[in-house]
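The structure appears right after this line, and notes come after that.
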Amino acid sequence: MPMPHTMQPIGIIHSCFKEKFGIPRQAGLAPDARATLELLPPYNRPEALTGLDGFSHVWLLFIFHGNQKPQNKQRKNWKPTVRPPRLGGNKRLGVFATRSTYRPNSVGLSAVELTGYGQEHGKLVLHLRGVDLLDGTPIIDIKPYLPYSDSIPTATGGFAPSAPSQSMTVEFTPSAEAVCQEIEQAIYPNFRRLVSQILKDDPRPAYYGTKPQKNRFGIKLLDFDLQWQIEGIEGNDGNKIMVLDVKRIET
Ligand code: SAM
C-alpha cells in the first residue's frame, strides 16, 4: 500500500457562492461568476506566480470541503456508484466515471479564467471568472491551462457529450430588477447577467421534478438572498424562472 500523503491548502477561495445550492455544475457555465484566490503562507510568495502572465486560464485542484464529515464518519463519505444530476438523478454510474463531489479523496478540478493577479492589501490574490466553487474552498494546487495539450478537440464526452441545455427563460420583477441595478452600481458589475447564467440551467435537484407543488426557491449570492419561482410561458408549464425578490442578508 503506498504511503498516505498529507496535503496543506496553498490558498482559499473567496467566491460569490455562499451555499452549494445554485453553484453551476461545472466551471465556465456562468462566466460572470467571479472569485479571488488568496494564497496562504508560506505559499504567498509573489515569485511563485512568476511566468503566469499570458495564461488566460488555470486549473485549480481543490477540496470539496462543504461535504467533509467528522473523522469517524469519513469512510461513509463516498460510494463506488453515484447518481449524476445530469441523468435525472435516477441512474447509478461509477464514481470515477463522473465529476461527483462525493469521492474518496474529495478532490475537485476546475479550469477557470484568470483575469489578473498581484499583491492587494497585503495579500497575494488571483482574480478568477467562471468558477463553480463554494466560498471558503481550500485550494491544494494551481497549474496553468495548456491549450496545446489540455484541449482535445477529438475527445468524446460519454454520458455528458455537451453542455446542459439552457431551457429556462429568466425574468425579474420590477422590484428585484431595481435592487439588482443598485448591486451592479455599488458592488458587482453584471449581477443580473450572473443571476441569469445561474438560473437558466435550472439549479433544482433532479428529484424536484417529482414535487411540482414546490416551486419557490432561494439562492444566496454575495450578501444577498434571491427568491425565485418557476412559472410557465406561452402555455408551457415551468420553463420560466421569475426572480421575485433580492434582499440583503442581515448578519
Ligand atoms: N469542476 C469540479 C470538478 O469537476 O471536480 C466541480 C464539479 S462539481 C459537479 C460542481 C458542484 O460542486 C457545484 O455545483 C457545487 O454544488 C459543488 N461544490 C463547489 N465547491 C464545493 C465545495 N468546496 N464543497 C462541496 N461542494 C462544492
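Start at 1 and go down the list; that is how both ligands and their atoms are numbered. Small disclaimer: the values here were computed from a predicted structure and weren't measured.
Nearest protein heavy-atom neighbour of atom 19 (C) of ligand 1: D132 O, 3.2 Å. Protein heavy atom nearest atom 3 (C) of ligand 1, with residue, atom name and distance: L109 O, 3.1 Å. What sits closest to atom 24 (N) of ligand 1 on the protein, heavy atoms only, is G66 N, 2.9 Å. Nearest protein neighbour of atom 15 (C) of ligand 1, counting heavy atoms only, is I23 CB, 3.7 Å. If you check which protein heavy atom lies closest to atom 16 (O) of ligand 1, you get K20 O, 3.5 Å. Among protein heavy atoms, the minimum distance from atom 12 (O) of ligand 1 is reached at T101 CG2, 3.3 Å. Protein heavy atom in closest approach to atom 7 (C) of ligand 1: Q26 NE2, 3.5 Å. When hydrogens are left out, the protein atom nearest atom 27 (C) of ligand 1 is F64 CD2, 3.6 Å; that is the closest non-hydrogen contact.
With Y188 as the aromatic partner, R34 meets the cation-pi criteria of under 6.0 angstrom to the ring centre and within 45 degrees of the ring axis.
Taking R129 as the reference, D32, E113 meet the salt bridge (Lys or Arg N to Asp or Glu O under 4.0 Å) condition, with sequence neighbours excluded.
A heavy-atom separation below 4.0 Å is found between P24 and ligand 1. The shell of residues lying under 4.0 angstrom from ligand 1, judged by heavy atoms, excludes V107.
When non-hydrogen atoms are compared, ligand 1 lies under 4.0 Å from the backbone of L134 as well as from its side chain. Contacts between R99 and ligand 1 below 4.0 angstrom, taking non-hydrogen atoms only, involve backbone and side chain alike.
Residues P46 and Q119 meet the side-chain proximity criterion, which asks for heavy atoms closer than 4.5 Å. Within the 4.5 Å cutoff, the side chain of L128 has heavy atoms near those of the I13 side chain. Side-chain atoms of W59 and P144, non-hydrogen and from C-beta on, never get closer than 4.5 Å to each other.
The number of heavy-atom neighbours closer than 6.0 Å to CG of D150, taken from other residues, nucleotides and ligands shown, is above 12.
Atoms of ligand 1 lying under 4.0 Å from any heavy atom of G108, numbered from 1 in the order shown and given with element: 5 (O). Close approach of ligand 1 to I63 (heavy-atom distance below 4.0 Å) involves ligand atoms 23 (N).
With C16 as reference, L222 is the one residue of I198, L222, D223, I23 to meet the side chain to side chain contact (heavy atoms under 4.5 Å, CB included) rule.
Taking distance alone, with nitrogen or oxygen atoms compared against 3.5 Å, S110 approaches ligand 1 more closely than that limit.
Side-chain atoms of T137 come within 3.5 Å of backbone atoms of L134 as a donor-acceptor pair (strictly under, hydrogens ignored).
Note on ring orientation: taking the six-membered ring where Trp is involved, the planes of F21 and W228 are parallel (angle under 30°, cut-offs 30° and 60°).
For the residue pair D135 and S15, no side-chain donor N or O sits within less than 3.5 Å of a side-chain acceptor on the partner.
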